[in-house]
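Since we're looking at a predicted model, the values are computed, not measured. Remember, it's 1-based here, ligands and their atoms both numbered in the order they're listed. Throughout, numbering of the chain's residues begins at 1 and tracks the sequence.
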Amino acid sequence: MVGDALTRPKDLLDFSAYGRQEIEALLALAERLKRERYRGEDLKGKVLALLFEKPSLRTRTTLEVAMLHLGGHAVYLDQKQVGIGEREPVRDIAKNLERFVEGIAARVYRHETVEELARHARIPVINALSDWAHPLQALADLLTLKEAFGGWEGLEVAWVGDGNNVLNSLLEVAPLVGLRMRVATPKGYEPDPSLLQKAGAFFTYDPKEAASGAHALYTDVWTSMGQEEEREKRLRDFNGFQVNGELLRLLRPKGIFLHCLPAHYGEETTEEAVHGPRSRVFDQAENRLHTAKAVLLCLLS
Ligand code: CP
Ligand code: NVA
């Protein structure tokens, strides 16, 4: 199932070890898996540990279902049981899990935790979201954009909202496939300037300027998991950054709306946007499954 052309980095922590070829091969594999509604025995007998410090609907379910479709199995380990860095150091967790399972998908607060897991485990480690990156989400987003527009080269994707983990992964992957990013955040919530520069992204503090004429408008929550104490301040700071029908009208005629979900309705977006005609939000969610299958096949087989 995995083509010869696909080189295989050991882990997927962010896209720093990935080039255009790996991304294109992963996405081609995901498209094929989706088309064929593929189920097989490629990962028969293999087990993925899901080591999660934070809640999840899409990431946990798609990784579990993906393992099932590929003939393998997933074991869910939550923070209450494992106590990452509390009951047991990260290094020791890595050195145990590698003896039991063939891969680890970890959802963590600090990106350093997935890096440390990957350093100490001889098995693949997949970042299932950290404070720095959400690469599994970006892969599903790429597939969704390709389905909507036929390719990525020259597409303009506007990001309106927080300069967060989901944006970072898009900024990392954009230059590899020719996506052009247009980013608007409030002051104090800008993404890493070096990421913006590497992506050749356009940056503004004006949501309308970012959205005007773009192919897609993407947003995410203003308060990410772990930032709950900042919610009141963030609600004030993000005033004017809501992605609603009015902002969506500035897109080009066939422009689409993207959101990684979960949505905080009435904050960064509205019912009208998520459930309206421009929304591809639930295609994005579905594509989490097909792209997760491609990643697991690539790293674990
Ligand atoms: N988009 C996403 O990662 O969703 P979950 O937090 O539900 O996994
Ligand atoms: N930025 C959000 C994404 C959730 C999928 C968070 O980190 O909570």
**Asked** Are any of the side-chain heavy atoms of Gln242 and Thr270 separated by less than 4.5 Å?
**Response**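 Counting from C-beta outward, Gln242 and Thr270 do come under 4.5 Å.
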
**Message:** For ligand 1 and Leu57, I'd like to know whether there is a polar contact (N/O to N/O, distance under 3.5 Å).
**Reply:**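 Leu57 vs ligand 1: N/O contact under 3.5 Å present.
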
**Asked** Is there at least one pair of N or O atoms, one from Pro262 and one from ligand 1, spaced under 3.5 Å apart?
**Response**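 Among all N and O atoms of Pro262, none is under 3.5 Å from an N or O of ligand 1.
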
**Request:** Could you see which bit of Leu129 sits under 4.0 Å from ligand 1, with heavy atoms only: side chain, backbone, both or neither?
**Result:**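 Neither; nothing of Leu129 gets under 4.0 Å from ligand 1.
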
**Asked** Heavy-atom contacts under 4.0 Å between Arg107 and ligand 1: side chain, backbone, both, or neither?
**Response**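 The part of Arg107 near ligand 1 is the side chain, not the backbone.
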
**Prompt:** With under 30° as parallel and over 60° as perpendicular, where do the rings of His215 and Phe149 fit, or are they tilted in between?
**Reply:**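 The rings of His215 and Phe149 stand perpendicular, inter-plane angle above 60°.
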
**Request:** Measure up the Tyr189 and Phe238 rings against each other and bin them: parallel (under 30°), tilted (30 to 60°), perpendicular (over 60°).
**Result:**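 Tilted: the ring planes of Tyr189 and Phe238 meet at 30° to 60°.
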
**Message:** Side chain or backbone, does Arg107 bring an N or O within less than 3.5 Å of an N or O on ligand 2?
**Reply:**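 Between Arg107 and ligand 2 (N or O atoms, distance only) the closest approach is not under 3.5 Å.
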
**Message:** Judged on heavy-atom distance to atom 7 (O) of ligand 2, which of Thr59, Asn165, Asn164 sits nearest?
**Reply:**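 The residue whose heavy atom sits nearest atom 7 (O) of ligand 2 is Asn165.
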
**Asked** So which of Leu136, Asp131, Asp220 gets nearest to atom 3 (C) of ligand 2, if we judge by its closest heavy atom?
**Response**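 Going through Leu136, Asp131, Asp220 one by one, Asp220 has the nearest heavy atom to atom 3 (C) of ligand 2.
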
**Prompt:** Any idea which atoms of ligand 2 are less than 4.0 Å away from a heavy-atom of Leu261?
**Reply:**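 The atoms of ligand 2 under 4.0 Å from a heavy atom of Leu261 are 5 (C).
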
**Message:** Only heavy atoms of Met225, strictly under 4.0 Å: list the atoms of ligand 2 that pass.
**Reply:**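 Taking each heavy atom of Met225 in turn, ligand 2 has 6 (C), 8 (O) under 4.0 Å.
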
**Message:** Less than 4.0 Å is my threshold; does some heavy atom of Asp162 fall inside it relative to ligand 2?
**Reply:**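 So Asp162 does not count as touching ligand 2.
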
Just to confirm my output: which protein heavy-atom neighbour is closest to [atom], and how far is it?
atom                   : value
atom 2 (C) of ligand 1 : Arg288 NH1, 3.4 Å
atom 4 (O) of ligand 1 : Arg58 NE, 2.8 Å
atom 3 (O) of ligand 1 : His134 NE2, 2.8 Å

**Arg107 side chain to Thr59 side chain, donor-acceptor N/O pair below 3.5 angstrom** =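 There is such a pair (donor and acceptor under 3.5 Å, judged by atom type) between the side chains of Arg107 and Thr59.
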
**Message:** Side chains of Asp192 and Ser194: any donor to acceptor distance under 3.5 Å?
**Reply:**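 Present: a donor and an acceptor within the cut-off.
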
**Message:** With a 6.0 Å cut-off on the ring centroids, do His275 and Phe282 count as close?
**Reply:**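 Judged by ring-centre distance (under 6.0 Å), His275 and Phe282 do meet the cut-off.
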
**Minimum heavy-atom distance Tyr76-Lys54, with the two atoms named** =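 Nearest pair, atom of Tyr76 first, then Lys54: OH-O, 4.5 Å.
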
**Message:** One residue to check: Leu129. Relative to ligand 2, which of side chain, backbone, both or neither has a non-hydrogen atom less than 4.0 Å away?
**Reply:**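 Side chain only; the backbone of Leu129 stays clear of ligand 2.
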
**Asked** Is the side chain of Asn165 donor-acceptor paired with the backbone N or O of Ser130 at a distance under 3.5 Å, no angle test?
**Response**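 Flag set: sc Asn165 to bb Ser130 pair under 3.5 Å.
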
**Request:** Check step by step if side chain to side chain donor-acceptor pair (under 3.5 Å) holds for Glu172 and Tyr18.
**Result:** CA-CA 10 Å; Glu172 270 196 308; Tyr18 288 68; over 6 Å; no

